[in-house]
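When reading the values below, keep in mind they use all heavy atoms of this one structure, side chains included, and skip hydrogens, waters and symmetry mates. Every chain is numbered from 1, with letters handed out A, B, ... down the list of sequences.
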Number of protein chains: 2
Amino acid sequence: MSKLLKLEEVKKCPAEFVLAVNDTLNVLSGKWKLPIIGTLLFGRKRFKEIQNGIPRITPRMLSKELKDLEVNGIVTRTVYNTIPVTVEYELTTSGSSLDPVMDAMITWGLEHRKRVIGNTNSL
Amino acid sequence: MSKLLKLEEVKKCPAEFVLAVNDTLNVLSGKWKLPIIGTLLFGRKRFKEIQNGIPRITPRMLSKELKDLEVNGIVTRTVYNTIPVTVEYELTTSGSSLDPVMDAMITWGLEHRKRVIGNTNSL
DNA sequence: GTAAGCACTATACTAAAGTATACCGGTATA
DNA sequence: TATACCGGTATACTTTAGTATAGTGCTTAC
């Protein structure tokens, strides 16, 4: 397998296609992933800073989701042994490079709203 | 508000940004949405055809997800009064235009796999 | 008249995701 | 000594997502 596959070729291969899209979807799925990633797009932040930036999130969920993002290689967790300890979270390369995916989603979401939700006056 | 917003401007507006990305995410989230959309990318299909194309899906879930996709404007449902009735599902403009989003996801997913899952030999 | 196919629906269940509330050890401040 | 901040964890709960299994009304095929 060559080190760089063209998109067109991948699309002919449903297995790899599905795996890759699923990876992306899994990383972003859940109620709080997007707010967290969004917050970290503005730079590294501490636990409480993230929590304060996201209105109704509980520490349990924030902790859980940050762990999730960490094991998935989206954020890094750095502990400084200050007194008391300071913990900072930061997006990895993978995390930051979600930007084009988000862009595509924004574009689609806006277009879709114009087409559908604009017509029917629901939601 | 002008009829066409530049992406850069939208990004400065967290509310609209989050709404649009959430729309996209909601449309794609769930275990069976992607397989269903994927199947329909190859053209309009009947209920049983979709079911046969997606290994372990139950008619309940297929029915539920198709309804979901329909009310979200991703697929259309057409009933032909043949004997017995024929029902066909087809992607709408919005449904078909998910392509660039998927492309972005494939690209990110593949890159991410190379970076992370390639390193640690897990999953 | 029995069975099978189509396009589903109904009921009941399990599992996963998310919430609420309280608490931990350490430190520093009043 | 009492309170509060930091970065969380523990326990119990509710809600949502998904599964299992059976059945519906209609029709044609045997």
Separation of atom [atom1] in [X] from atom [atom2] in [N], rounded to whole Å:
{"X": "B/Gln51", "N": "C/dT9", "atom1": "CD", "atom2": "P", "value": "13 Å"}
{"X": "B/Glu49", "N": "C/dG5", "atom1": "CD", "atom2": "P", "value": "16 Å"}
{"X": "B/Lys45", "N": "C/dC6", "atom1": "NZ", "atom2": "C1'", "value": "17 Å"}
{"X": "B/Lys33", "N": "D/dG18", "atom1": "NZ", "atom2": "C1'", "value": "12 Å"}
{"X": "B/Asn26", "N": "D/dT16", "atom1": "CG", "atom2": "C1'", "value": "13 Å"}
{"X": "B/Asn81", "N": "D/dC26", "atom1": "CG", "atom2": "P", "value": "15 Å"}
{"X": "B/Glu88", "N": "C/dC6", "atom1": "CD", "atom2": "C1'", "value": "13 Å"}

Is the closest side-chain heavy-atom distance between [X] and [Y] below 4.5 Å?
{"X": "B/Met105", "Y": "B/Leu28", "value": "yes"}
{"X": "A/Arg77", "Y": "A/Val87", "value": "yes"}
{"X": "A/Arg115", "Y": "B/Thr92", "value": "no"}

How many angstroms lie between [atom1] in [X] and [atom2] in [Y], if you round to the nearest 0.5 Å?
{"X": "B/Ile50", "Y": "B/Ile57", "atom1": "CD1", "atom2": "CD1", "answer": "8.5 Å"}
{"X": "A/Leu98", "Y": "A/Leu34", "atom1": "CG", "atom2": "CG", "answer": "9.0 Å"}
{"X": "B/Asn52", "Y": "B/Arg46", "atom1": "CG", "atom2": "CZ", "answer": "11.0 Å"}

Q.
Strictly distance-based, threshold 3.5 Å: is any side-chain N or O of A/His112 a donor or acceptor partner for the main-chain N or O of B/Gly73?
A. no
Q.
Can a donor-acceptor pair be found, under 3.5 Å and without considering hydrogens, that links the side chain of B/Lys67 to the backbone of B/Ser63?
A. no
(Q) Using a 4.0 Å cut-off on heavy atoms, which residues in residues 58-67 of chain B reach DNA chain D? List them by number, or say none. (A) B/Arg60, B/Met61
Could you pull out the protein-nucleic contacts involving nucleotides 1-6 of chain D (nitrogen or oxygen on both sides, under 3.5 Å)?
from	atom 1	to	atom 2	distance (Å)
D/dC6	O3'	A/Arg46	NH2	3.2

Q: Kindly say if A/Tyr89 contacts the phosphate of D/dG8, meaning a side-chain N or O under 4.0 Å from OP1 or OP2.
A: yes
Q.
With a 4.0 Å limit, can you tell me whether A/Lys31 has a side-chain N or O closer than that to the phosphate oxygens OP1/OP2 of D/dT16?
A. no
